[in-house]
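The figures that follow rest on heavy atoms only: side chains count, while hydrogens, waters and symmetry mates do not.
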Amino acid sequence: MSPMSFVSLAAFAALSGFTPLAHAQWTVTRLAPQGSYQSVALAGNLAQQVGATWTGSSSRASLWGGSAASWVDLNPAGATESWVSGIEGGQQVGDAVVGGVRRASLWSGTAASWVDLHPAGAGSSMATDMSGGQQVGHASFGGVSHAGIWSGTASSWTELHPGNATRSMAWGIANDQQAGEATVGGVQRASLWTGSASSWVDLHPAGAQESAAW
């Protein structure tokens with residue numbers, strides 16, 4: 001439920017004289033490290049959280065272990081900005097701008113562990129999620145975004161871009177399946193793949209204007 005929907009529902013309940021249900025107990029842990037002025041957590045597991053932190057004018061890929069003091073700066077040497085958007089086990093995926101180029105990136109818990117996943121010939125690239133030793137995301141070729149998948153190295157890049165698509169992006173991965181979107185016939189369509197461009201499944205609902213899978 002969106003925050004606005006929740007507010008609207010609460011207002012309706014108050015005006016209608018309904019008695020609100022008791023809320024579950026929860027706590028908030030601030031992860032922003034000392035000296036930062038902005039931070040965002042984008043993914044996590046039972047032990048760690050990932051995202052980005054601003055300590056200067058640009059974002060720095062970040063890893064936490066449940067507290068602000070646990071913050072690990074993953075920004076690679078020479079990178080002007082970076083993000084982490086996915087985590088599995090002891091590895092993290094995202095992107096880093098190095099040499100003026102946004103590059104899909106893989107880490108193993110430290111800045112020094114950075115692996116450049118940027119495919120040969122791509123103008124830019126981004127990794128968004130990971131599962132089972134594979135990373136999913138997209139790369140730009142000739143100004144067109146192509147969904148794709150990696151297995152830990154730049155050379156392992158495999159295209160998911162459907163042959164009849166003018167644009168595609170992959171956002172999530174689990175159980176050997178990849179989810180995202182592809183623009184076909186001028187319509188952005190929720191999409192599902194199983195490791196290859198030819199496996200593309202159009203999930204776009206009948207009558208919808210546009211759709212995406214995450």
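Although no hydrogens or angles enter the test, the distance criterion places a donor-acceptor pair under 3.5 Å between the side chain of Ser211 and the main chain of Ala190. Between the side chain of Asn75 and the main chain of Ala79, a donor-acceptor pair closer than 3.5 Å is present. Checking side-chain atoms of Ser70 against main-chain N and O of Gly65 turns up a donor-acceptor pair under 3.5 Å. Although no hydrogens or angles enter the test, the distance criterion places a donor-acceptor pair under 3.5 Å between the side chain of Gln49 and the main chain of Gly66. Put simply, the side chain of Ser85 never gets that close to the backbone of Gly94: no donor and acceptor are under 3.5 Å apart. Judged by distance alone, the side chain of Gln135 and the main-chain N or O of Val93 form no donor-acceptor pair under 3.5 Å. No donor-acceptor pair under 3.5 Å is formed between the side chain of Trp64 and the backbone N or O of Trp71. Side-chain atoms of Trp150 come within 3.5 Å of backbone N or O of Leu117 as a donor-acceptor pair. Counting only distance, with no hydrogens or angles, the side chain of Ser124 and the backbone of Val101 share no donor-acceptor pair below 3.5 Å. The main-chain N or O of Ala182 is never found under 3.5 Å from a side-chain atom of Ser168 such that the two would form a donor-acceptor pair.
Taking every heavy atom of both residues into account, Ala122 and Ala139 meet most closely at CB-CB, 4.0 Å. For the residue pair Ala120 and Phe141, the shortest heavy atom distance occurs at O-CE2, 3.7 Å. Pairing each heavy atom of Gly86 with each of Ala43, the nearest pair is CA-CB, 4.2 Å. Looking at every heavy atom in both residues, Ser151 comes nearest to Ser156 through N-OG, 2.7 Å. The shortest heavy-atom contact between Trp83 and Leu42 is CE3-CD1, 3.6 Å. Listed here is the closest heavy atom pair of Gln209 and His204: C-CE1, 3.9 Å.
Crowding of Asn175 atom CG: a count of heavy atoms from other residues, nucleotides or ligands under 6.0 Å not exceeding 12. In this structure, Asp176 places its CG atom where only 12 or fewer heavy-atom neighbours from other residues, nucleotides or ligands lie under 6.0 Å away. In the displayed structure, Gln38 atom CD is contacted under 6.0 Å by more than 12 heavy atoms of other residues, nucleotides or ligands.
Under the 4.5 Å side-chain heavy-atom criterion for ILVMFWY residues, a single connected hydrophobic cluster contains both Val184 and Trp193. Under the 4.5 Å side-chain contact rule for hydrophobic residues, Val40 and Tyr37 share a cluster. Cluster membership for Val98 and Met126, using ILVMFWY side-chain heavy atoms within less than 4.5 angstrom, is not shared.
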Apply side chain to side chain contact (heavy atoms under 4.5 Å, CB included) to the pair Thr153 and Val115, showing each step before the final yes or no.
CA-CA 7 Å; Thr153 64; Val115 175; 5.7 Å; no
Tell me, with the steps shown, if Ile149 and Ile173 meet side chain to side chain contact (heavy atoms under 4.5 Å, CB included).
CA-CA 9 Å; Ile149 190 170; Ile173 179 173; 3.9 Å; yes
Derivation of the side chain to side chain contact (heavy atoms under 4.5 Å, CB included) call for Gln92 and Leu74
CA-CA 10 Å; Gln92 306 83 36; Leu74 296 181; 4.0 Å; yes
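Among residues two or more places apart in sequence or in another chain, the ring pair (Phe, Tyr, Trp, His ring centres under 6.0 Å) test is passed with His138 by Trp171. Taking Asp95 as the reference, Arg102 meet the salt bridge (Lys or Arg N to Asp or Glu O under 4.0 Å) condition, with sequence neighbours excluded.
With rounding to the nearest 0.5 Å, the separation of OG1 in Thr166 from CD in Gln188 is 10.0 Å. Between the CG atom of Leu63 and the CD1 atom of Ile87 there is a distance of 5.5 Å, given to the nearest 0.5 Å. With rounding to the nearest 0.5 angstrom, the OG atom of Ser199 is 7.5 Å from the CG atom of Leu192. In this structure, CZ on Arg103 lies 7.5 Å from OG on Ser125, to the nearest 0.5 angstrom.
Paired with Arg167 under the rule side chain to side chain donor-acceptor pair (under 3.5 Å), one option of His146, His161, Glu181 passes, and it is Glu181. No option in Asp73, Thr55, Thr53 other than Asp73 meets the side chain to side chain donor-acceptor pair (under 3.5 Å) test with Arg60.
A donor-acceptor pair shorter than 3.5 Å cannot be found between the side chains of Trp54 and Ser39.
Salt bridge Glu210/Arg189: absent, no basic N to carboxylate O contact under 4.0 Å.
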